[in-house]
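For reference, the structure discussed in these notes is given below.
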Amino acid sequence: MSTKINKIGRYLLVAAFFTLNSSLFTACSDFLETDSKSALQDKDIYDIAANVDKALTGVYGALKPFSTYYFVMSEARSDNMFQTTEAKSNEYADCAQFNTTGLVSDKIVANCWADHYTLIAAANMLIEKQAEASDITEATRIQYEAEARFLRALSYFDLVRFYGRVPVSTKVLSADEAFQLPQSEAIDVYNNVIIPDLEYAIENLADVAVDYNGVKHSERATKIAAKALLGKVYVQMAGYPLKQNTLSKAKNLLKEVIDAWDWNNKWAANADQWNTMWLHENDNKFFIFEIQYIAEKNQGNPAAPLARPSNTSADNYCGANLTSGQHIYAERQLQLEMVHIDQETGSIDFTDKRFFNTINMASWYDEESGTYQGGLKPNTNQFVTKFFEHKMKRDSLGYGNMDASIVDRTYWPQNWPVLRIEDVMTLYAECAGVTEGLQYLNMIRTRAGYDPLPSSISEERFQSELKLERRKELLGEGHRWFDEVRQNTFVSDIRNMMIFYMTYCDSSHSPTYQAYANRVTQNSALYPIPLSQMRVCAGLYEQNPGYN
């Protein structure tokens, strides 16, 4: 995605979700915390099909910051990761440590809201305006609308999972309309926007997206992506707190995705292939839908350097300055599910072949001896470096050093997988149960180096093993918190993690960890509506419980 295209994406905000009028700012001055663009005009943006195509690319470009929100607001908040003491307090710590006071004005929580509505604004504008293009064909117009509605559905799906009751519009609003737009109930967001948008996308998207010139685009939304996302939506709706009767719909759609998948070319059949999925050379090869990044200033994956190794060893991993002050670690119990450490000798059996390219090793892997020099110390904090293409990872997989391309922390080119087939396989297995789902769980397990589970396994154990495998396979990708919420295990999961840390890891910080555990309640399922939004107009929004 080039700088030129992203400038087009920013230009789309000329007449975005809300058409701002400066005369209204006396009453509602903090709306969306964005500058007024009323002095600019959207005239002629959609005059020809080529410009509509650029505008659509701008809608896709609005996805760029989303990886940070998946990494921090889902993974770091879950029991997959752990942020240590509040001495390292920052916006990420607010999310991970359930700081209800800090979260109300937390920058990342506010940016997540604003960036999702930025995409929705651009999608609404394109859907309304593209018919003005003098040379656009009906087939192209329908496809572009389907792509925009897929992206809009994804944004609303994130918003309703993060915030619950959110304002909804599927059209460009005037300022007067915007400042009177109330929150919608979560179930209404699903039924009135997310599901219809994805049904339209399924009906009208192609197997491979084609632009107005007939050029194929593997990076854009497809029919199979829309089916996968709608299946995921139905799984979420069936869980807490909505508890809708949607699992059978989810099962059917997810099976359609599995049956249509190109297993010969888009399935990593062994651990070596799996490990190469996390290098940018294989972008758009193994995943269903990805956020696109390139090695260019401010165009890289913003989540990649968040989990870099500590500053003291950073030069061994990358020559660029990656200082961030963030300390988000892979949860220790989950680490021990992937390796076996002999407590007497310190030797390590890497049970899980995904480990090295998922969780950071603070030492160098010696190919000749087949060992990690220096070893992995028991009960130490390790980073989730799945998206960090450091020197040692690339070298171990036979890829060259790319330091020359990484000028600073904004250059990381690896795409972010929003949807991938392993996500679909595990969700289908969850819906279908052991009889129909075991083969898909075993495909993932055996590739990672585990023995297959027997067909005689009980349904209860099958679901337990499935949840664990889903954690390990998708670690760091932004699914875990949403899983814990829909399964309504998030309170017990987080409290159990804190008890483990208090008991076995760092007893000196027990009071701090106990405080974190005490903060987790049923209200923690949602983030607060950002303070900037609560101040839009007095009484317009109702804050989520637990954040008053």
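Any value given below was found using the heavy atoms of this structure, including those in side chains, with hydrogens, waters and symmetry copies removed.
- Residues Y293 and W412 place their aromatic rings such that the two centres sit no closer than 6.0 Å.
- Residues V235 and L247 share a closest heavy-atom pair of CA-CD2, 4.4 Å.
- Judged purely by atom type and a 3.5 angstrom limit, Y527 uses its side chain to pair as donor or acceptor with the backbone of M73.
- N357 places no side-chain N or O within 3.5 Å of a backbone atom of N275 that could act as its donor or acceptor partner.
- Residues L119 and R152 come closest through the heavy atom pair CD2-N, 4.0 Å.
- Side-chain contact between F462 and L466 is present, with heavy atoms from C-beta onward closer than 4.5 Å.
- For the atom pair Q414 CD and E281 CD, the distance stands at 9.5 Å (nearest 0.5 Å).
- Partners of F98 by ring pair (Phe, Tyr, Trp, His ring centres under 6.0 Å), not counting sequence neighbours, listed by chain and number: W481.
- Using cut-offs of 30° and 60° for the angle between ring planes, the Y190 and F157 rings count as perpendicular.
- Between D79 and R471 a salt bridge is recorded (basic side-chain N to carboxylate O distance below 4.0 Å).
- Between atom CD1 of residue I194 and atom CG of residue L154 there is a gap of 9.5 Å, rounded to the nearest 0.5 Å.
- Listed by first and then second residue, the salt bridge (Lys or Arg N to Asp or Glu O under 4.0 Å) pairs that reach into residues 413-432 are K232-D423, R420-E422, R420-E473, R420-E477, E422-R447, D423-R470, E430-R486, sequence neighbours excluded.
- Using a 30° and 60° split on the angle between ring planes, Y117 and Y156 fall in the perpendicular class, above 60°.
- The pair R480-E484 counts as a salt bridge, with a side-chain nitrogen and a carboxylate oxygen less than 4.0 angstrom apart.
- Closest non-hydrogen pair, A76 versus A96, comes out as O-CB, 3.3 Å.
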| request: Applying side chain to side chain donor-acceptor pair (under 3.5 Å), run through D493 and T489 and close with a yes or a no. | output: CA-CA 6 Å; D493 287 346; T489 62; 2.7 Å; yes

| task | Apply the test side chain to side chain contact (heavy atoms under 4.5 Å, CB included) to residues F162 and W113: give CA-CA distance (whole Å), side-chain angles for both, the deciding distance (0.1 Å), then the verdict. | result | CA-CA 9 Å; F162 281 133; W113 175 288; over 6 Å; no

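- No donor-acceptor pair closer than 3.5 Å links the side chain of D352 to the backbone N or O of G449.
- H116 is not listed as a side-chain neighbour of V166, based on a closest heavy-atom distance of 4.5 Å or more.
- Using a cut-off of 4.0 Å between Lys/Arg side-chain N and Asp/Glu carboxylate O, D408 and K297 are scored as salt-bridged.
- A donor-acceptor pair under 3.5 Å is absent between the side-chain atoms of E219 and the main chain of Q292, judged by distance alone.
- Side chain of S458 to backbone of R461: a donor-acceptor contact under 3.5 angstrom is found.
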| message | Under the criterion side chain to side chain contact (heavy atoms under 4.5 Å, CB included), I'd like the reasoning laid out for M81 against Y329: C-alpha separation, chi angles, the key distance, then a yes or no. | response | CA-CA 5 Å; M81 295 186 187; Y329 304 108; over 6 Å; no

| request: Decide side chain to side chain contact (heavy atoms under 4.5 Å, CB included) for I444 and Y440; before the verdict, give the C-alpha distance in whole Å, the side-chain angles of both, and the deciding distance to 0.1 Å. | output: CA-CA 7 Å; I444 296 172; Y440 300 109; 6.0 Å; no

| said: Using side chain to side chain donor-acceptor pair (under 3.5 Å), reason through Y92 and K107 one step at a time and then give a plain yes or no. | reply: CA-CA 9 Å; Y92 306 122; K107 182 178 178 180; over 6 Å; no

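- Looking only at distances, no side-chain donor or acceptor of S464 sits under 3.5 Å from a matching main-chain atom of E460.
- Residues N401 and R394 have side chains not in contact (no heavy-atom distance under 4.5 Å, counting atoms from C-beta outward).
- Residues meeting the side chain to side chain donor-acceptor pair (under 3.5 Å) test with Y70, sequence neighbours left out: D158.
- Contact check for K386 versus T358: side-chain heavy atoms found under the 4.5 Å cut-off.
- When ring centroids are compared, W416 and F387 come within the 6.0 Å threshold.
- A donor-acceptor contact shorter than 3.5 Å links the side chain of Y547 to the backbone of L526.
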| query | Should E459 and Q463 be marked as a side chain to side chain donor-acceptor pair (under 3.5 Å) after you check the CA-CA gap, both sets of side-chain angles, and the distance that decides it? | reply | CA-CA 6 Å; E459 182 66 33; Q463 292 292 340; 2.9 Å; yes

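- Note that CZ of R445 and CG of L468 are 8.5 Å apart. Values are rounded to the nearest 0.5 Å.
- In terms of modelled atom types and a separation under 3.5 Å, the side chain of D106 and the main chain of V109 share a donor-acceptor contact.
- Annotation: cation-pi geometry not satisfied between R165 and Y541 (NZ/CZ under 6.0 angstrom from ring centroid, within 45° of ring axis).
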| F66 and F71: CA distance, side-chain angles, deciding distance, ring pair (Phe, Tyr, Trp, His ring centres under 6.0 Å) verdict | CA-CA 9 Å; F66 283 26; F71 190 85; over 10 Å; no

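- Within 6.0 Å of NZ on K243 lie no more than 12 heavy atoms contributed by other residues, nucleotides or ligands.
- Side-chain contact annotation: Y450 with K353, donor-acceptor N/O pair under 3.5 Å absent.
- Distance CE/M443 to CE/M425: 4.0 Å, rounded to 0.5 Å.
- Within the model, atoms CD1 of I258 and NZ of K227 stand 12.5 Å from one another, a figure rounded to the nearest 0.5 Å.
- One N or O on the side chain of Y501 and one on the backbone of R332 form a donor-acceptor pair closer than 3.5 Å.
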| said: Show, in sequence, the C-alpha distance, side-chain angles and deciding distance for F287 and W278, and conclude whether the ring pair (Phe, Tyr, Trp, His ring centres under 6.0 Å) test is met. | reply: CA-CA 11 Å; F287 302 147; W278 311 106; 5.4 Å; yes

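- When all heavy atoms are compared, the tightest approach of I359 to Q335 is CD1-CG, 3.9 Å.
- Contact annotation: the side chain of P530 approaches that of Y163 to within less than 4.5 Å [non-hydrogen atoms, C-beta and beyond].
- Without hydrogens or angle criteria, R77 side chain to D94 main chain gives no donor-acceptor distance under 3.5 Å.
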| task | Evaluate the side chain to side chain contact (heavy atoms under 4.5 Å, CB included) criterion for residues F388 and C318: first the C-alpha distance (whole Å), next the side-chain angles of each, then the deciding distance (0.1 Å), finally the verdict. | result | CA-CA 9 Å; F388 184 40; C318 177; 4.2 Å; yes

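- The minimum heavy-atom distance between P413 and A295, with the atom names listed, is CB-N, 3.6 Å.
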| message | Let's go through E331 and N80 carefully: what are the C-alpha distance in whole Å and the side-chain angles of both, what is the deciding distance for side chain to side chain donor-acceptor pair (under 3.5 Å) to 0.1 Å, and is it a yes or a no? | response | CA-CA 5 Å; E331 197 273 326; N80 272 356; over 6 Å; no

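- Considering every non-hydrogen atom in both V424 and A228, the closest pair reads CG2-CB, 3.9 Å.
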| request: Begin from the C-alpha positions of F82 and Y513 and carry the test ring pair (Phe, Tyr, Trp, His ring centres under 6.0 Å) through to its verdict. | output: CA-CA 11 Å; F82 182 73; Y513 298 157; 5.2 Å; yes

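- When only modelled atom types and interatomic distance are considered, Q514 and N518 share a side-chain donor-acceptor pair under 3.5 Å.
- You'll find the side chain of T521 stays beyond 4.5 Å of the side chain of V491, heavy atoms only.
- To the nearest 0.5 Å, the span separating NE2 on H479 from CG on L475 amounts to 10.5 Å.
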